Amino acid sequence: MPIAGVPITDTHVHFWDIERSDLYWMTPDLVEQLRPLRRSFTPDDLDPQRLAAGVDRIVIVQAARSEWDHQWWFSLAERYPWIVAVVGWVDLAAPEVGQQLDRLASHPAFRGVRATAENVPDPDWLASPAVQRGIAAVAERGLTLDLLVRVEHLPHVPRLAERFPDLTLVVDHLAKPPIASGDLQLWRERMAALVPYPTIWCKLSGLLTEAGPRPTVETLRPVVDFALDRFGPQRLLWGSDWPVATLAADYLSTFRTYEALTAGLTSEERAAIFGGNAQRVYRL
């Protein structure tokens, strides 16, 4: 259901086939924690839930790395009109990264790639020469770069904005602030350092799973209010992080939580967060 005439767009949805998808992040040490996610999640699972929430369209964001997954996501975008874009994955350090990007970009749904720094042991991976060459290839093609980062990776993000001034950067999940511990000072400092760079955007997503066993609106309010104060509604996007978010809450509850956290904004400001900014960032 549009807000102020702008379609509501969920900018962070994952789909996978438990038998075929390359779920590299489901490591043995996380078996028990991730057990509810060890099944397939498809558009048919999400469709009734997003309709109940009034969400008009969604963006697929990678949760796997295989060629099969990418072709499947593209086929879903062709089959379901409410799937409007795909943010995929390439090996940014590969010598043939440009060819990988061009192959994916042959599909009209492809909008960008995700740099999964969180899943690499080296906290300085984003600064490595090979990865920087890959990011340059993303920038040259006018694609968006989503960043799966945590607090320890944030110092590299302003440097990316400086080196690639035309590259649209999206910090997923507000860089996963340590909400459960309440120790937010370093996160605040490093997020504040991103503010002067207008090409850096942030997603209000993935926060419920960072907030401990019983997340509430008030639990999340300090980080969302900080993001609103520093970046403003014009540089924030909403994403559900479904189905990972189901570890904390169902789809409708997740959506309602972010609605409550932005209830004090004007309809135009809410329209920007819940749809308008997605149109610009992902060229919808």
Side-chain angles (χ1 to χ4, degrees), residues 1-18 21 23 37 39-64 69-89 104 107-114 116 143-148 168 170-174 201-209 236-259 261-262 270-284:
M1 183 180 299
I3 301 173
V6 178
I8 296 178
T9 305
D10 184 342
T11 65
H12 210 95
V13 169
H14 306 298
F15 296 127
W16 61 73
D17 183 323
I18 197 64
S21 293
L23 299 174
L37 301 180
R39 67 174 183 85
S40 297
F41 290 88
T42 72
D44 291 333
D45 296 314
L46 179 61
D47 197 20
Q49 300 179 63
R50 64 115 192 153
L51 287 171
V55 172
D56 298 292
R57 52 193 190 174
I58 67 101
V59 174
I60 296 176
V61 175
Q62 72 85 223
D69 286 291
H70 285 81
Q71 295 310 313
W72 182 52
W73 296 330
F74 291 150
S75 73
L76 297 179
E78 294 167 6
R79 180 178 171 189
Y80 297 88
W82 46 273
I83 299 175
V84 293
V86 174
V87 176
W89 181 91
L104 294 173
H107 195 282
F110 184 62
R111 291 295 186 274
V113 300
R114 185 152 78 143
T116 54
L143 298 166
T144 297
L145 188 70
D146 270 51
L147 296 166
L148 180 59
T168 299
V170 182
V171 177
D172 291 347
H173 315 323
L174 290 183
W201 303 68
C202 297
K203 277 187 190 177
L204 299 179
S205 61
L207 299 178
L208 279 79
T209 47
L236 300 176
L237 308 87
W238 169 71
S240 68
D241 196 28
W242 186 91
V244 178
T246 61
L247 294 171
D250 61 38
Y251 190 84
L252 183 59
S253 298
T254 298
F255 179 68
R256 295 287 186 243
T257 296
Y258 288 102
E259 273 195 320
L261 286 163
T262 56
R270 292 178 59 249
I273 293 172
F274 286 95
N277 295 338
Q279 293 179 183
R280 289 184 282 277
V281 168
Y282 294 117
R283 306 174 301 287
L284 304 181

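Counting begins at 1 with the first residue of the sequence. What you see is a predicted model, and the numbers here were worked out from it, not measured in a lab.
- Within the 4.5 Å cutoff, no side-chain heavy atoms of V13 are placed close to those of V61.
- When atom types are taken as modelled, the side chain of R111 and the backbone of Y282 share a donor-acceptor pair closer than 3.5 angstrom.
- In this structure, T144 and R283 have side chains that are in contact, with non-hydrogen atoms separated by less than 4.5 Å.
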Original post:
Going through the checks in order, is the side-chain contact (heavy atoms from CB on, under 4.5 Å) test met by R57 and R50?
Top reply: CA-CA 8 Å; R57 52 193 190 174; R50 64 115 192 153; over 6 Å; no
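- To the nearest 0.5 Å, the span separating OG1 on T116 from CG on D146 amounts to 11.5 Å.
- Rounding to the nearest 0.5 angstrom, the gap separating the OG1 atom in T11 from the CG atom in D241 is 10.0 Å.
- Between F274 and T262, some side-chain heavy-atom pair lies under the 4.5 Å cut-off.
- Pairing each heavy atom of L148 with each of D172, the nearest pair is N-OD2, 4.3 Å.
- With a 4.5 Å cut-off on side-chain heavy atoms, Y258 and L207 count as touching.
- Between H70 and H107, every side-chain heavy-atom pair lies at or beyond the 4.5 Å cut-off.
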**OP:** In sequence, state the C-alpha distance, the side-chain angles, and the governing distance for D69 and S21, and then conclude on side-chain hydrogen bond (donor to acceptor under 3.5 Å, both in side chains).
**Re:** CA-CA 6 Å; D69 286 291; S21 293; 2.6 Å; yes
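- The cationic group of R39 lies under 6.0 Å from the six-membered ring centre of F41 and within 45° of the ring axis, placing it in a cation-pi geometry.
- Y251 and W238 have perpendicular rings, their planes meeting at more than 60° on a 0 to 90° scale where under 30° would count as parallel.
- Nearest approach of F110 to L104, heavy atoms of both residues: CB-O, 3.4 Å.
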Original post:
Does the pair R280 and T168 meet the rule for a side-chain hydrogen bond (donor to acceptor under 3.5 Å, both in side chains), with working shown?
Top reply: CA-CA 10 Å; R280 289 184 282 277; T168 299; over 6 Å; no
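- Sorted by first then second residue, the salt bridge (charged side-chain N to carboxylate O under 4.0 Å, His left out) pairs that include residues 70-85, not counting sequence neighbours, number zero.
- Taking CG of L37 as the reference point, atom CH2 of W16 lies at 5.0 Å (rounded to 0.5 Å).
- Checked against side-chain contact (heavy atoms from CB on, under 4.5 Å), L252 has the following partners two or more places apart in sequence or in another chain: A53, D250, R256.
- The six-membered or imidazole ring of H173 lies near that of H12, with a centre-to-centre distance under 6.0 Å.
- S40 is linked by a side-chain hydrogen bond (donor to acceptor under 3.5 Å, both in side chains) to nothing, counting only residues two or more places apart in sequence or in another chain.
- For S240, the side-chain hydrogen bond (donor to acceptor under 3.5 Å, both in side chains) criterion is met by D10, not counting sequence neighbours.
- Looking only at distances, a side-chain donor or acceptor of N277 sits under 3.5 Å from a matching main-chain atom of L236.
- In this structure the side chain of V244 reaches within 4.5 angstrom of the side chain of H14, judged on heavy atoms.
- For the residue pair L237 and V170, the shortest heavy atom distance occurs at CD1-CG1, 4.4 Å.
- Atoms OG and CG, on S253 and L208 in that order, are 9.0 Å from each other to the nearest 0.5 Å.
- A pairwise comparison of heavy atoms in V87 and V113 identifies CG1-C, 3.6 Å as the closest pair.
- Residues meeting the side-chain hydrogen bond (donor to acceptor under 3.5 Å, both in side chains) test with T257, sequence neighbours left out: none.
- Residues F15 and L76 have side chains in contact (heavy-atom distance under 4.5 Å, counting atoms from C-beta outward).
- Applying the side-chain contact (heavy atoms from CB on, under 4.5 Å) criterion to D56, with sequence neighbours excluded, gives P2, P7, I8.
- From L145, atom CG reaches atom CZ of R114 across 11.0 Å, with rounding to the nearest 0.5 Å.
- In terms of heavy-atom proximity, L284 sits nearest to A85 at CD2-CB, 3.8 Å.
- For the pair T42 and W242, the tightest heavy-atom approach, listed with the atom from each and the gap, is O-CH2, 3.9 Å.
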